[in-house]
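Because only heavy atoms are used, hydrogens play no part in the values below, and waters and symmetry mates are left out as well, while side chains stay in. Throughout, numbering of the chain's residues begins at 1 and tracks the sequence.
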Amino acid sequence: MANTVARLAQVIHVTDLHMCRDYKDRRALEAECRNGRLAFARARLAVRDAVDRLDLYGWREGTLDEDVGAEDAFGRYLTELPGSAPEWFGGGGEAVPATWLVDTGDLTTYGDAVSMTRGRTQLEGWSTALPGCRLRSIFGNHDAWPGTQPAFLAGGSAWVEIEEAQRRRVREWQEWQSERWLTPLVSPQVEDPWRPGDKIRVELYAVDSVRFDWWANSRAIGSVGKEARDTLVREIESQSGRSCGRALRVLAIHHPIAFPFQLGERRIRSLLFTLQQMCLDGGDGFARELQQPLHASHGDSPRIHVVLSGHTHAAFPGTGLPDNVKEIYQGDLGAKQLQLVGGPLMLVRSSKAVRSGAGDDPEPRDRKKYPAATIFPHSRQFQQLRFEIDPRYRDSVRLNRVVLAYHAGIAEYAELDDLGSTTTLPL
């Protein structure tokens, strides 16, 4: 049996870039006032300005400009990474592990063409900074915004045209044609130290959770339709049948399947009714589907082992991981599954936060299905994940997670020791 650790894949996970520096959504509503396409256009503009001024429904969370300093610092980090970890880029004398830059949505704030073009150019440039890197980017609910918050433009037959135009805009980038996401990125296969002749690999899938209709998207609600779920399962089973050995499967999705929201974050309350917001509609059922065994020949190996997402603007878990993933409890996910939610790469919550460069402290979430759940709400962060085969752990993949946060004082991203950790993922 080989005694050395074998590297499978590394993932640089970014999310919620919220590009908007060259665009202001007020222009979209001003245009409607000029052409008179929507009834009460001026009233809509007045409502938008009031929401902005009073910061209703957390409007400023995610609509401020991105931090240019953080943007530049992330580019420097990627440029320097191969030199700081040559063993992950072919310098270790072994098979070169896969490197993937994974973006889980909300590339833009308003879904405008200017921001989309700039964001896509940035992602492609970042991916070329890493030798052999593959890019996987999915869109988020903000990318489905038609130039402003959907509620400000909704109304009558005009919305049908607006929604269709936004769908076409999203699909202009080949990477955002969601049917492509079901063809997984696959790492090189590594010999299983416990099963001579058997191989282990990592597969990365992605699925669309975005709702374009104005009512759902105004509340940041997501869902994964039955057709998309069935297609994902078929592709996972097909990939398993085509390849020898076993795989650790990762799923990228914008809306978290498991996240310990506070009640105030998941509900909009009024005197007459209560509405959901922020969450994945039907997430509990989707979680149950993903934890089902792949098929009999793979024992109780779930369809998906690791879920990567964003959307919440807070990293979760906001603590280190236990040595074995079976010791963590995350909502409706199973004992062999792990959800890692990334925080926003360069989004800022306030001008004061940018000037001070101060980070946010971890915050507890008192939720029954998430014992000792903690999030990390730092405004600018990303996570680096490395998957390895360690011969000391049979039928498992070891995952090393590092969370990095930007500090204006040093103008760089730095590792957060409290969140860095390694866990065992049983196959």
Side-chain angles (χ1 to χ4, degrees), residues 5-11 13 192-194 200 202-204 246-253 256-262 280 283-284 286-294 298-310 312 314-343 361-378 381 383-404 415-427:
V5 172
R7 303 173 189 88
L8 285 168
Q10 62 177 332
V11 173
H13 176 215
D192 186 340
W194 291 91
I200 297 176
V202 176
E203 298 172 354
L204 175 75
R246 293 172 297 165
L248 181 127
R249 290 171 291 276
V250 182
L251 178 68
I253 181 173
I257 298 172
F259 187 90
F261 286 102
Q262 290 180 333
L280 182 71
D284 51 351
F286 190 37
R288 287 192 293 272
E289 288 187 56
L290 296 182
Q291 67 177 271
Q292 292 298 310
L294 183 60
H298 286 66
D300 60 351
S301 179
R303 290 165 172 167
I304 292 294
H305 299 86
V306 178
V307 181
L308 301 180
S309 62
T312 62
F316 173 70
T319 57
L321 302 176
D323 186 65
N324 192 309
V325 75
K326 292 183 178 181
E327 299 172 17
I328 192 169
Y329 302 93
Q330 295 183 310
D332 295 294
L333 294 181
K336 288 189 173 184
Q337 294 177 301
L338 173 68
Q339 168 115 35
L340 296 174
V341 181
D361 294 327
E363 297 178 358
R365 289 294 195 269
D366 184 16
R367 302 288 290 159
K368 292 180 179 178
K369 292 184 179 180
Y370 301 84
T374 305
I375 66 166
F376 182 70
H378 194 288
Q381 56 176 298
Q383 58 184 345
Q384 178 178 281
L385 313 172
R386 287 175 171 165
F387 299 89
E388 301 175 323
I389 300 297
D390 189 326
R392 295 174 298 175
Y393 299 89
R394 185 169 184 166
D395 296 331
S396 300
V397 171
R398 292 285 281 174
L399 166 62
N400 178 258
R401 176 202 189 206
V402 174
V403 178
L404 299 98
E415 295 184 16
L416 301 169
D417 293 337
D418 292 343
L419 272 65
S421 50
T422 301
T423 193
T424 304
L425 298 163
L427 293 174

**OP:** Might you work through the side-chain contact (heavy atoms from CB on, under 4.5 Å) test for Ile257 and Leu280, ending with a clear yes or no?
**Re:** CA-CA 6 Å; Ile257 298 172; Leu280 182 71; 4.0 Å; yes
Subject >> Within-4.5 Å side-chain heavy-atom neighbours: Leu204 and Val202 >> reply: no
Original post:
For Arg249, does its backbone N or O pair with a side-chain atom of Arg303 as donor and acceptor, under 3.5 Å?
Top reply: no
Original post:
Okay, side chain of Gln330, backbone of Gln339: is any donor-acceptor separation there less than 3.5 Å?
Top reply: yes
Subject >> With Asp332, the side-chain hydrogen bond (donor to acceptor under 3.5 Å, both in side chains) member among Arg288, Lys369, Gln291, Gln337 >> reply: Lys369
**OP:** Quick one: do Val397 and Leu427 satisfy side-chain contact (heavy atoms from CB on, under 4.5 Å)? Show the steps, please.
**Re:** CA-CA 7 Å; Val397 171; Leu427 293 174; 4.0 Å; yes
Original post:
Does a side-chain heavy-atom distance below 4.5 Å link Leu340 with Pro317?
Top reply: yes
Subject >> Euclidean distance, Ile253 CD1 relative to Leu308 CG, rounded to 0.5 Å >> reply: 11.0 Å
Original post:
Looking at Val307, Leu399, Val250, which one forms a side chain to side chain contact (heavy atoms under 4.5 Å, CB included) with Leu338?
Top reply: Leu399
**OP:** Flag the pair Pro426 / Val325 as yes when at least one side-chain heavy-atom distance between them is below 4.5 Å, and no otherwise.
**Re:** yes
**OP:** Tell me, with the steps shown, if Phe387 and Val11 meet side-chain contact (heavy atoms from CB on, under 4.5 Å).
**Re:** CA-CA 8 Å; Phe387 299 89; Val11 173; 4.0 Å; yes
Subject >> Pro362 and Thr319, any side-chain heavy atoms less than 4.5 Å apart >> reply: no
**OP:** Please answer whether the main-chain N or O of Leu321 pairs with a side-chain N or O of Ser421 as donor and acceptor at a distance below 3.5 Å.
**Re:** yes
Original post:
What is the minimum heavy-atom distance between Gln381 and Ala315, and which atoms define it?
Top reply: OE1-CB, 3.0 Å
Subject >> Side chain Glu327, main chain Pro322, donor-acceptor under 3.5 Å >> reply: no
Original post:
Can you tell me how far the NZ atom of Lys336 sits from the OG atom of Ser396, to the nearest 0.5 Å?
Top reply: 8.0 Å
Original post:
To the nearest 0.5 Å, what is the distance between CZ (Arg386) and CD (Gln384)?
Top reply: 4.0 Å
Subject >> 4.5 Å side-chain heavy-atom contact, Arg246 and Ser301 >> reply: no
Original post:
When you measure from the side chain of Arg401 to the backbone N and O of Gln383, does any donor-acceptor pair fall under 3.5 Å?
Top reply: no
Subject >> Minimum-distance pair of heavy atoms, taken over all atoms of Pro371 and Tyr329 >> reply: CD-CB, 3.6 Å
Original post:
Does a side chain donor of either Asn324 or Thr424 reach within less than 3.5 Å of an acceptor in the other side chain?
Top reply: no
Subject >> Student check: side-chain heavy atoms of Glu388 and Asn400 closer than 4.5 Å >> reply: no
**OP:** Any chance you could measure Leu333, atom CG, to Phe286, atom CZ, to the nearest 0.5 Å?
**Re:** 10.5 Å
**OP:** Over all heavy atoms of both residues, which pair between Pro391 and Trp194 is shortest? Give the atoms and the distance, please.
**Re:** O-NE1, 3.0 Å
Original post:
What closest approach, in Å, do Phe316 and Ala373 show between heavy atoms, and which atom pair accounts for it?
Top reply: CE1-CB, 4.2 Å
Original post:
Is there a side-chain contact (heavy atoms from CB on, under 4.5 Å) between Arg398 and Asp323 once you walk through the steps?
Top reply: CA-CA 9 Å; Arg398 292 285 281 174; Asp323 186 65; 3.2 Å; yes
**OP:** Output the distance between atom CZ (Phe376) and atom CG (Leu419), rounded to the nearest 0.5 Å.
**Re:** 6.5 Å
**OP:** Locate the shortest heavy-atom distance separating Val341 from Ala314; write the atom from each residue and the value.
**Re:** CG1-O, 3.5 Å
Original post:
In terms of heavy-atom contacts, does CG of Asp284 have more than 12 from other residues, nucleotides or ligands at under 6.0 Å?
Top reply: yes
**OP:** Output the distance between atom CG (Asp395) and atom CG (Leu425), rounded to the nearest 0.5 Å.
**Re:** 13.0 Å
